[in-house]
Amino acid sequence: MEQGFGSASESIDKSRVLEVKPLRCLVPVFPNPPGMSSVSTPQPTPFVCVPPSGPFPPGVQPFYPFLAPNGTQQTPPSNFGFGTNIPAPVPLNSFRTPPQANGTTSRPKKVAKTRASKSVGIEDDGLNESSEFGTEFTDPDGASNSGNRRVRPRRKSAENGGDGFDVDSLVNSFLASYKLSEFDDFRRTNGDNETVGTILLVFDLIRRKLTQLEETKELATGATRRPDLKAGTLLMTKGIRTNNLKRIGHIPGIEVGDIFFFRMELCLVGIHAPSMAGIDYMSVKLTKDEEPVAVSIVSSGGYDDEGNDGDVLIYSGQGGVQRRDGQMFDQKLERGNLALEKSLHRANDVRVIRGIKENNSSNAKIYVYDGLYKIRESWAEKKSGCNVFKYKLVRVPGQPEAFTLLKSIQQWKDGTATRTSVILPDLASGSESLPVALVNEVDGEKGPPHFTYISTLKYSKPFTSPEPSVGCHCVGGCQPGDTNCPCNRKNGGYLPYSSNGILMTNKSLIHECGLSCSCPPNCRNRMSQTGIKVRVEVFKTKNRGWGLRSWDPIRAGAFICEYAGDVIKALPGSVDNYIFDATRYYEPLEAVRENSNEFKKAPFPLVISAKNNGNVGRFMNHSCSPNVFWQPVLRESNNESYLHVGFFAIRHIPPMQELTYDYGMVSIDKQEKGKKKCLCGSVKCKGYFY
DNA sequence: GGCTTATCACTTAC
DNA sequence: CGTAAGTGATAAGC
């Protein structure tokens with residue numbers, strides 16, 4: 001055994017590193033402009049790319065930092081400000097040609113290739129799309145090679161017959177709803193907040209829907225065992241992705257601290273292209289030689305990374321372990337390892353995405369964009385006698401907290417560190433399953449005006465008395481696809497929630513199980529009845545009074561809390577800051593805001609006052625770019641129906657980001673009454689709210 | 001050179 | 001905890 005290498009310093013083998021052939025340029029060539037903000041104003045990087053299909057615009061020369069526009073300059077410019085010279089777009093590998101915006105020259109190729117080689121083909125069941133692709137592939141199975149014949153049958157099963165559901169039509173309808181049907185090359189290449197958000201939203205809608213279809217056995221067997229991959233592929237093959245060309249530095253539309261729940265999400269928004277590999281890199285051409293340069297890494301802890309030290313990350317190279325049997329061998333200085341080595345010498349920024357276990361019980365992982373790092377050192381270590389490369393990355397200073405914040409929160413939760421500025425450890429006094437801290441880091445105010453904490457909505461009398469409703473007899477909890485379950489039927493045949501409590505589809509009304517149902521309290525169809533699901537805190541905002549935010553990362557679609565309070569008959573005469581008025585018009589999602597009224601929610605006859613009694617819902621502020629939406633939830637029991645209001649996440653919400661929803665619009669004739677100046681700060685702010 | 005095929009990799013849910 | 005299905009990018013192969 002190589003126990004002689006026990007200490008890290010002894011095991012450093014610089015000779016490995018020194019084998020790298022000398023580099024022409026040993027000074028930083030991908031500098032950030034001084035004072036560059038990592039969050040709000042990502043600057044253009046030198047490697048903004050154009051579609052590599054060419055021809056290149058006149059005057060465009062590759063790799064500005066290395067070559068002057070005339071191609072004569074061999075050394076990096078001394079002025080790194082990029083003030084007058086806009087970095088030239090750079091073609092990457094030509095086979096990654098994205099579909100053209102209007103011409104269909106490259107698209108049929110890509111699609112045909114994808115179909116022939118990947119043979120997944122779920123998109124085939126909607127052949128209405130195929131005309132767009134021009135030439136239809138004729139005989140992919142006729143290819144001479146029979147090597148992967150094993151995989152072919154799946155394609156057949158997924159192609160059409162067995163599926164009771166038209167996935168392609170579903171996807172197309174999602175794309176139409178979110179105005180992605182005519183997704184152009186510009187958005188495909190250059191992301192922004194809205195494009196990134198919409199793509200992630202649609203990805204999750206498709207993923208959730210596929211999960212639902214899988215549960216109810218409406219898809220061919222095995223077709224969606226990995227709904228995340230399937231949803232990703234569907235969008236990828238349709239070209240619904242952004243930032244699809246690799247670049248060094250920040251990705252437009254993605255901020256430090258943004259969180260993700262699937263590796264496919266990282267691909268779709270262009271922050272990290274490989275679906276599994278941890279190192280993403282691209283080729284750059286220095287003179288006549290191409291060499292790889294690392295652009296991003298995912299640190300998931302699978303390789304003994306020493307990732308607990310905040311702004312320093314010791315990252316292990318890739319390879320060196322046989323996937324099947326776990327047998328180890330020497331890592332080689334190739335692919336990602338070589339790219340990291342080159343990036344060490346070039347000192348270019350490398351994006352770091354850190355994976356972290358969401359909680360102790362499940363092995364679900366979340367990924368947080370931790371911003372830019374630079375590689376400072378590399379060496380080789382021995383592990384079980386085999387060579388392993390190590391890279392020391394140091395975070396570029398001045399970026400907002402991201403990974404370290406998540407680590408701090410974990411410590412608050414497990415008690416190894418204490419949250420500062422806590423006024424009250426549990427505002428709810430134990431009436432919720434999770435404590436709700438009251439925090440003020442802003443001023444001396446000791447808390448909001450007094451109110452009584454209740455965890456659910458209080459009715460003085462039943463909401464409606466329609467025809468008798470039938471409760472279910474699902475003793476073990478309602479099961480998806482159970483056609484005998486009346487609660488299933490009331491929801492259109494699907495349970496509205498996934499197994500981990502994610503709202504599956506946006507509906508006008510959710511029917512939850514009620515008092516007359518035999519199912520247990522932990523039934524999946526009682527999501528809103530067991531109180532808050534995330535560890536929230538009430539905190540003092542800078543300029544908007546008290547607000548609500550979460551210690552836990554929140555998945556898109558996740559239930560957060562209901563709006564508790566007293567049901568009142570009508571709006572009180574005096575203006576009450578703690579009113580929830582379901583009779584207003586609401587536009588549920590920002591992404592469809594400009595669409596016609598058909599997307600607006602119909603008003604519901606429910607008004608709640610949380611002035612005297614309420615829960616955390618009463619602290620949620622208004623925003624014109626909200627991250628939370630509400631959903632009417634009906635709980636029925638025999639002849640009585642109780643309407644509730646459930647809050648759900650519109651998108652993935654990073655920890656400590658304020659939770660907000662759109663307070664909605666009152667009717668036209670009352671608009672001036674109770675108008676308040678909106679301070680949400682969104683670029684889409686309407687300036688006021690009610 | 002362009003297309004096909006195999007290989008790679010810090011996934012993920014059961 | 002193990003494992004198998006499954007992906008985009010890459011590189012080898014023809």
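These numbers were taken from a predicted model, which means no experiment stands behind them. Chain naming here is simple, since letters A, B, ... match the order of the sequence lines and numbering starts at 1 in each.
Residues A:Tyr373 and A:Leu313 meet the side-chain proximity criterion, which asks for heavy atoms closer than 4.5 Å. Considering only heavy atoms from C-beta on, A:Ser316 stays 4.5 Å or farther from A:Tyr391 through its side chain.
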### Query
Is there a side-chain contact (heavy atoms from CB on, under 4.5 Å) between A:Ile366 and A:Phe260 once you walk through the steps?
CA-CA 6 Å; A:Ile366 74 161; A:Phe260 305 88; over 6 Å; no
### Task
Applying side-chain contact (heavy atoms from CB on, under 4.5 Å), run through A:Leu175 and A:Val202 and close with a yes or a no.
CA-CA 7 Å; A:Leu175 297 185; A:Val202 172; 4.0 Å; yes
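Remark: P of B:dT11 and CD1 of A:Ile279 are 12 Å apart, rounded to the nearest angstrom. At whole-Å resolution of the value, CD1 in A:Ile240 and C1' in C:dG8 are 17 Å apart. Atom P of nucleotide B:dC10 and atom CD1 of A:Ile356 are separated by 19 Å, given to the nearest angstrom. Rounded to an integer number of Å, the gap from A:Arg207 CZ to B:dT11 P is 17 Å. We find that CD1 of A:Ile297 is positioned 17 Å from C1' of B:dT11, with the value rounded to whole Å. Following rounding to the nearest Å, A:Glu334 (CD) and C:dA9 (P) show an atom-to-atom distance of 20 Å. Distance CG (A:Leu245) to P (C:dA9): 11 Å, rounded to an integer number of Å. Across the protein-nucleic acid pair, A:Ile271 atom CD1 and C:dG8 atom C1' stand 17 Å apart, rounded to whole Å.
Listed by chain and number, the residues in a side-chain hydrogen bond (donor to acceptor under 3.5 Å, both in side chains) with A:Arg207 are A:Asp204 (sequence neighbours excluded). Residues passing the side-chain hydrogen bond (donor to acceptor under 3.5 Å, both in side chains) test with A:Arg335, sequence neighbours excluded: none.
A distance cut-off of 5.5 Å between ring centres, combined with a plane angle under 30°, leaves A:Tyr281 outside any stacking arrangement with the base of C:dT10.
For DNA chain C, each stem of at least three Watson-Crick or G-U pairs (distances under 3.5 Å) is given as range with range: B:2-9 with C:7-14, B:11-14 with C:2-5.
The side chain of A:Lys230 contributes no N or O atom lying less than 4.0 Å from OP1 or OP2 of C:dG6. At least one side-chain nitrogen or oxygen of A:Thr233 sits closer than 4.0 Å to the OP1 or OP2 atom of C:dT7.
With B:dT12, C:dT10, C:dG8 as the candidates, the nucleotide lying closest to the side chain of A:Ser275 is C:dG8. Distance from the side chain of A:Tyr367 is smallest for B:dT11 among the nucleotides B:dA13, B:dC10, B:dT11. The A:Ala277 side chain lies nearest to B:dA9 when the options are B:dA9, B:dT12, C:dG8. Taking the side chain of A:Ser316 as heavy atoms from C-beta on, and the options B:dC10, B:dT11, C:dG8, the nearest nucleotide is B:dC10.
Across all strands, A:Asp228 comes closer than 4.0 Å only to sugar-phosphate atoms, never to a base (heavy-atom distances).
Using modelled atom types and a 3.5 Å distance limit, the side chains of A:Arg354 and A:Ser299 yield no donor-acceptor pair.
By the 30° and 60° cut-offs, the orientation of the rings of A:Tyr369 relative to A:His250 is perpendicular.
For A:Arg263 against B:dT12, a side-chain-to-base donor-acceptor contact under 3.5 Å is absent.
Position along DNA chain B of the nearest nucleotide to A:Arg335 versus A:Met264 favours A:Arg335 as the more 5'-ward residue.
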